[in-house]
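Everything on this sheet refers to the single structure shown next.
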Amino acid sequence: MMMGTNLFTRYRHIAPLAVFRIAFGAVLFYSTIRFVARGWVHDFYIKPKFHFPFFGFEWLHPLPGAYMYALYLVMATAALLICIGLFYRLASVVFFLCFCYAELLDKTYYLNHYYLVTICSFLLILAPANRFFSVDILRKPSLEVTQVPAWTIWMFRLQLCIIYFFAGLSKLTADWFVHAMPLKIWLPAKSNIALIGPMLAQPWAAYFFSWAGALFDLSVPFLLLNKSTRPVGYLLVLIFHTLTAILFQIGMFPYIMISATLIFFSDNFHLSIISKLRAWFTKRPESQKAAIFLPVRKNRQKMVLGILMCYFLFQLLTPIRFLLYPGKLLWTEEGYRFSWRVMLMEKSGAAFFYVKDPATGRKFEADPSGFLTPYQERMMETQPDMMLQYAHILQREYRRQGIKDPEITVQSYVSLNGSGSRLYIDSTVNLANEKETWFGHKSWILPFTDKQKLQ
Amino acid sequence: MKRNRVLISLLGIIGCLTIILVSCSKSNDNSTPPPNGNTDAVLVNLGTNIILPSYQQFATDVSTMNDAVIAFNTSPSLTTLGAAQIAFKAAYKSWAEVSEFEFGPAADLFLTTHFTNAFPTDTVTIINNLNGASYTIDGLGNYAAQGFPAIDYLLFAYGNDAVLARFTVAANAAGAKQYLAALTLSLKTKSAAVVNKWSASGGNYLDKFNKSTGTDAGSSLSLLLNAFVLDFDVNLQNYKIGIPIGLYGPSVLPKSPTKVEAYFSGMSSELLLAQVQACQHIYTSGSPNALADKVAATNAQKGGGSLNDAIKNQWTTLVTKMQALPNPLSTGVENEDPVINDAFTEVRKMTVMLKVDMSSALGIKISFQDDDGD
């Protein structure tokens, strides 16, 4: 056994990890059940005729009908098993794979918090979170340990810090700071909420919330890391996420963050939570055990730490990959996803796709309702990569209807953060001939300029 | 102890901010009128002064049509037919004033475009039904053989002599009378039910409508604008103009004059005008509590001017364009009258303004799904 002395390999108490497992597993379980109960399995995966898979995953298709429900049942079960810590390693792998699969099927439903769930469930696979206060231990007492290498806890803390920090960085824009957009649009609509409602209608409210939000995102990682400011940091976490939960339709995200950030607290804090939980289940007083150290194989730990290094490098580079592209990020959305850009845009669009038969010269507009659900259509109308995928869907379908080489063009208008509708896509480009690439700029997206002539 | 001081001062700052916020919101209660209890004056105006009266008018006109049809069935003549046709036209135009509100009661009670105004009507099914096939008049399978387009066919298809013959000397005259009566009665029943559900004395959906404020999915403004924009974008723009002129469609089709709305009576252009005027009314009526005022309050810009002005001007333009449409529209489509394409172009501009500019200025998601955002 190796007793590491550096920040990541030295031993710490496992309690924060066990609480994280329980809290996060519970939230995953609840949100999976909620997803099914709201009919989204049907609306999102069974009803649509076509999907918008992520680049490189076009070979993935939804399972037929009932199997998709079965998948969510498996996911819910796995989440519950993670929570109680039964067959933990298997459950975390199963959850991660099922969730990834569902997410990769269709970009329409991409949300930052689904990405958060994806990566946290990946990290859970690496964490020995079932080795304390779990059903696995009742099953096999020899699994129990009290001390684990600190990296198993630190990886979650680091990940959460990255999320807040990049969310804060992405707010350092003129739209957010100078124009208080999009909160200036969103907040006045909430003026009927009790207590804070009248305040939200005030012009300064959008500025206050914009600035305070950015300050919160940028500072909260440090407040949570520092022992003396931690209570304040967590209080701010509570206030911030509760407010966003009241004001916006953002589902589980606030609750995920509120439960996940508990991991910053001390061993004693988590031990007291666990002893309270334990008291629910058994009246037997907790026996004071000697410290049991998680056996660590040096080479294996090195390998895992290597994987984590690559992982965090990826986490740091992904949000800044937008620098590879020219143009305004929020407009082109090139490098937008997986970057913790939350609540930055009020964006809506209208896209009219035209199909031309080069043989006859006949040109007509395609009826999107024949191909997409209204929801897919709306999301597609503001996201160029989805527009390209839709153009390819049209190309395939009209080829099947007998047009040899259908030309697909689009007349598209988008409004971003109150900019007013502007032409979005070069309507002369035949999208049927355009291809998706890794990191290649889509030259057919018209640039966002303040002086663009409006039609 | 330095750390504690940092902590205390941070808490102090939060406390001060809270006090400032609370006091500001209080002092502002006097200067800006707070929302009417828990309602929104714009919603109250829309519900009370526009939507409910429009449905009441529609129910009255449909009832009159039903009476005229009964009179016609009792003694079919050119006179009673003429009266029924006039009543039909009035009711159809009233439909153009309520088709925008396909949510809440109308959606629950199936007083929707799908059942009330599916055109071109399914003449094969209608004839089968007249000839004694069993049918449920407002059934799902019968959707394209009911509503105004079916009545349009029975009361107008191929001239008054042919219509009279269908209801007098034809072998299935009794079946025709029965079917026509069932069509108008179904509309009468549904429209009365919708009025009842909106009314304060009935289901009082009005109250729910007024109180469901905000812009989230499921709020009244979101429901209304989604229905309104969908009706304009899909029904008016695509079905009433785009498909007939061959610009729009699920498959490769040339122009199809028979696919206009109200093909047999030839009142297509009149109905288009009626719908555009109804939309204009919904948007502008009730100042200072009109929908237009809500848009104006956002200070949203369009083409260097105010978005609200741009939308108002475009309604005026559209009214002019619809007034200029050829009569009957189907002949114009056949002759590829450029006036129709011109109207389509202007309608398209309005679609963009409503769907993109207006919705984003108000923070309403068009084609909402009850999904989480982020």
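Chain identifiers are assigned alphabetically (A, B, ...) following the order of the sequence lines, protein sequences preceding nucleic acid strands; residue numbering begins at 1 within each chain.
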Counting only non-hydrogen atoms closer than 4.5 Å, does [X] touch chain A with its backbone (N, CA, C, O), its side chain (CB onward), both, or neither?
{"X": "B/S219", "answer": "neither"}
{"X": "B/A300", "answer": "neither"}
{"X": "B/L362", "answer": "backbone"}

Contacting region of [X] [heavy-atom separation from chain B under 4.5 Å]:
{"X": "A/R230", "result": "neither"}
{"X": "A/Y354", "result": "side chain"}
{"X": "A/V414", "result": "backbone"}
{"X": "A/E397", "result": "neither"}
{"X": "A/P188", "result": "neither"}

Do you know which of [options] has the most heavy-atom pairs under 4.5 Å to chain B?
{"options": "A/A212, A/G349, A/G197, A/G418", "result": "A/G349"}
{"options": "A/P368, A/G251, A/P182, A/A201", "result": "A/G251"}
{"options": "A/E346, A/M252, A/R341", "result": "A/E346"}

With a 4.0 Å cut-off on N to O distance, would you call [X] and [Y] a salt bridge?
{"X": "A/D405", "Y": "A/R399", "result": "yes"}
{"X": "B/K240", "Y": "B/E261", "result": "yes"}
{"X": "A/E407", "Y": "A/K363", "result": "no"}
{"X": "B/K302", "Y": "B/D309", "result": "no"}

Does the cation-pi check pass for B/R348 over A/F352, that is, NZ or CZ under 6.0 Å from the six-membered ring centre and within 45° of its axis?
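So B/R348 does make the cation-pi contact.
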Does the B/T298 side chain pair with the main chain of B/K294, one donor and one acceptor, at a distance under 3.5 Å?
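Side chain of B/T298 to backbone of B/K294: no pair is present.
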Is the shortest heavy-atom distance from the side chain of A/M379 to the side chain of A/Y109 under 4.5 Å?
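In short, these two side chains do not touch, never coming nearer than 4.5 Å.
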Based on non-hydrogen pairs under 4.5 Å, which of B/V234, B/D216, B/T215 is most in contact with chain A?
B/D216
Tell me the closest heavy-atom pair linking A/A351 and A/E381, and the distance in Å.
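Looking at all heavy atoms of both residues, the shortest contact is N-OE2, 3.5 Å.
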